[in-house]
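Can you keep this structure in mind? I'll have questions shortly.
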Amino acid sequence: MAQQVQAQGGPVQKNTLYVGGLAEEVNESILHAAFIPFGDIKDVKTPLDQATQKHRSFGFVTFLEKEDASSAMDNMDGAELYGRVLTVNYALPERIKGGEQGWAAQPIWADADTWFERQQQEEEMLRIQAENRAAMEAAEELHRKKLAQEREGEKDDEGGEIKDDPMAMAEAEVLKQND
């Protein structure tokens with residue numbers, strides 16, 4: 001399970017546990033009391049919701065020893081506390097807001113080289129798309145001319161007039177306008 005969490009979000013803190021599914025009545029001292037049988041606890045935190053000033057149904061328990069944290073996770077994951085089933089996993093390191101690495105984790109100019117590179121790639125892609133669009137339009141125009149010539153050739157063979165075929169008339173008008 002620790003490997004699964006590690007693959008999802010970076011290095012795992014092996015002595016800090018995430019405890020989810022906490023009942024409203026549970027506070028830091030109750031959480032401390034529930035986990036103390038597994039070893040010495042360094043810290044217990046239950047982050048508060050700014051609006052309600054109540055905890056957000058989860059907390060973190062930090063043990064002094066990794067083995068104690070492992071034992072607590074094995075025994076408390078799926079256990080019941082105040083009528084609620086707990087989810088206990090290794091905690092992921094706290095991230096600074098602003099994306100995968102956090103906007104404050106690096107200077108603003110750190111991605112300048114890659115930004116210019118991305119801009120050049122985007123410009124190149126737009127140029128290629130414009131060339132492809134122009135080639136497609138030229139091919140369509142050539143195809144229309146060829147079809148119009150074939151229809152004119154059919155009319156000459158049949159001795160019929162262009163007035164009999166409205167599509168041929170429209171194409172002939174377009175060709176006259178383009179020439």
Side-chain angles (χ1 to χ4, degrees), residues 1-140:
M1 178 176 251
Q3 293 169 341
Q4 181 182 23
V5 173
Q6 188 171 10
Q8 292 173 355
V12 174
Q13 297 177 10
K14 297 278 188 179
N15 61 340
T16 301
L17 298 178
Y18 162 84
V19 182
L22 297 177
E24 224 176 271
E25 307 84 41
V26 176
N27 58 28
E28 289 180 0
S29 61
I30 293 172
L31 196 56
H32 186 278
F35 281 82
I36 196 68
F38 303 102
D40 293 330
I41 295 175
K42 179 180 175 183
D43 191 27
V44 176
K45 294 277 188 218
T46 53
L48 298 179
D49 183 348
Q50 297 297 324
T52 63
Q53 290 302 309
K54 295 180 180 179
H55 69 74
R56 297 163 36 197
S57 299
F58 67 90
F60 298 96
V61 178
T62 304
F63 286 88
L64 291 176
E65 300 294 327
K66 294 177 184 177
E67 295 78 20
D68 296 339
S70 176
S71 174
M73 184 177 71
D74 292 342
N75 287 289
M76 294 298 285
D77 187 36
E80 209 173 290
L81 183 65
Y82 279 76
R84 302 270 303 264
V85 177
L86 300 179
T87 302
V88 182
N89 293 312
Y90 288 117
L92 298 176
E94 187 175 345
R95 288 191 183 148
I96 299 170
K97 290 183 181 176
E100 191 66 29
Q101 295 176 338
W103 56 266
Q106 53 186 315
I108 195 166
W109 58 85
D111 71 338
D113 293 338
T114 59
W115 183 85
F116 286 116
E117 206 171 281
R118 288 190 311 265
Q119 289 298 109
Q120 288 176 339
Q121 289 172 351
E122 189 174 324
E123 289 171 6
E124 180 69 14
M125 182 65 76
L126 291 173
R127 186 187 63 74
I128 291 171
Q129 287 174 346
E131 286 177 2
N132 287 344
R133 194 172 22 257
M136 287 294 290
E137 289 172 1
E140 287 174 3

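As the structure is a prediction and not an experimental result, all values here were calculated from the model.
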- Query: Within the distance-only criterion (no hydrogens, no angle test), does the side chain of Glu28 pair as donor or acceptor with the backbone N or O of Thr46 below 3.5 angstrom?
  - Reply: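 Present.
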
- Would you give the length of the straight line joining atom CZ of Phe38 to atom CE of Met73, rounded to the nearest 0.5 angstrom?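 These two atoms lie 12.0 Å from each other.
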
- With a 4.5 Å limit on heavy-atom distance, are the side chains of Leu17 and Phe60 in contact?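 No - every pair of side-chain heavy atoms lies 4.5 Å or more apart.
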
- Task: Walk me through it: do Glu131 and Arg127 pass the test salt bridge (charged side-chain N to carboxylate O under 4.0 Å, His left out)?
- Result: CA-CA 6 Å; Glu131 286 177 2; Arg127 186 187 63 74; 2.3 Å; yes

- Is there a donor-acceptor contact under 3.5 Å from the side chain of Asn75 to the main chain of Ser71?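 Yes.
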
- Would you call Lys54 and Glu24 a salt bridge, using N to O less than 4.0 angstrom?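 Counted as a salt bridge, because a side-chain N and a carboxylate O are separated by less than 4.0 Å.
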
- Message: As an exercise, state the distance from OG1 of Thr16 to CG of Asn89, rounded to the nearest 0.5 Å.
- Response: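 That separation rounds to 13.0 Å.
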
- Item | Side-chain donor/acceptor of His32 to backbone N/O of Val44, under 3.5 Å |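 Checked: no pair found.
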
- Item | Pro47 versus Gly59, closest heavy-atom pair with distance |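 Shortest heavy-atom contact: CD-CA, 4.2 Å.
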
- Task: Give a yes or no answer on whether the side chain of Asn15 reaches the backbone of Lys66 with a donor-acceptor pair at less than 3.5 Å.
- Result: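 Answer holds: no.
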
- Task: Please name the residue in the list Thr62, Leu81, Val61, Ile30 that meets the side-chain contact (heavy atoms from CB on, under 4.5 Å) test with Phe35.
- Result: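 With Phe35 as partner, side-chain contact (heavy atoms from CB on, under 4.5 Å) holds for just one option, Val61.
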
- Query: Going through the checks in order, is the side-chain contact (heavy atoms from CB on, under 4.5 Å) test met by Leu86 and Asp77?
  - Reply: CA-CA 6 Å; Leu86 300 179; Asp77 187 36; over 6 Å; no

- Task: Taking all heavy atoms of Lys14 and all of Tyr90, pick out the closest pair and write down the distance.
- Result: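 Taking every non-hydrogen atom into account, O-CE2, 3.2 Å.
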
- Compute both the distance and the angle, then confirm whether Lys42 meets the cation-pi test with Phe63: under 6.0 Å from the six-membered ring centre, within 45 degrees of the axis.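 No, a cation-pi geometry is absent between Lys42 and Phe63.
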
- Near Gln119 CD, under 6.0 Å, is it more than 12 heavy atoms from other residues, nucleotides or ligands?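 Correct, the count exceeds 12.
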
- Is Gln129 close to Leu126 at the side-chain level, that is, under 4.5 Å between some pair of heavy atoms?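 A side-chain contact under 4.5 Å exists here.
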
- Considering all heavy atoms of both residues, which atom of Arg84 and which atom of Leu22 are nearest to each other, and what is their separation?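 Residues Arg84 and Leu22, closest heavy atoms: NH1-O, 3.4 Å.
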
- Task: Applying ring-ring contact (aromatic ring centres under 6.0 Å, His included), run through Phe58 and Tyr18 and close with a yes or a no.
- Result: CA-CA 7 Å; Phe58 67 90; Tyr18 162 84; 5.8 Å; yes

- Message: For Lys45, is there any backbone N or O sitting under 3.5 Å from a side-chain donor or acceptor partner on His55?
- Response: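 A pair under 3.5 Å: no.
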
- Message: Show the nearest heavy-atom pair for residues Ile36 and Ile41, with the distance to one decimal.
- Response: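 For Ile36 and Ile41, the tightest heavy-atom pair comes out as N-CD1, 3.6 Å.
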
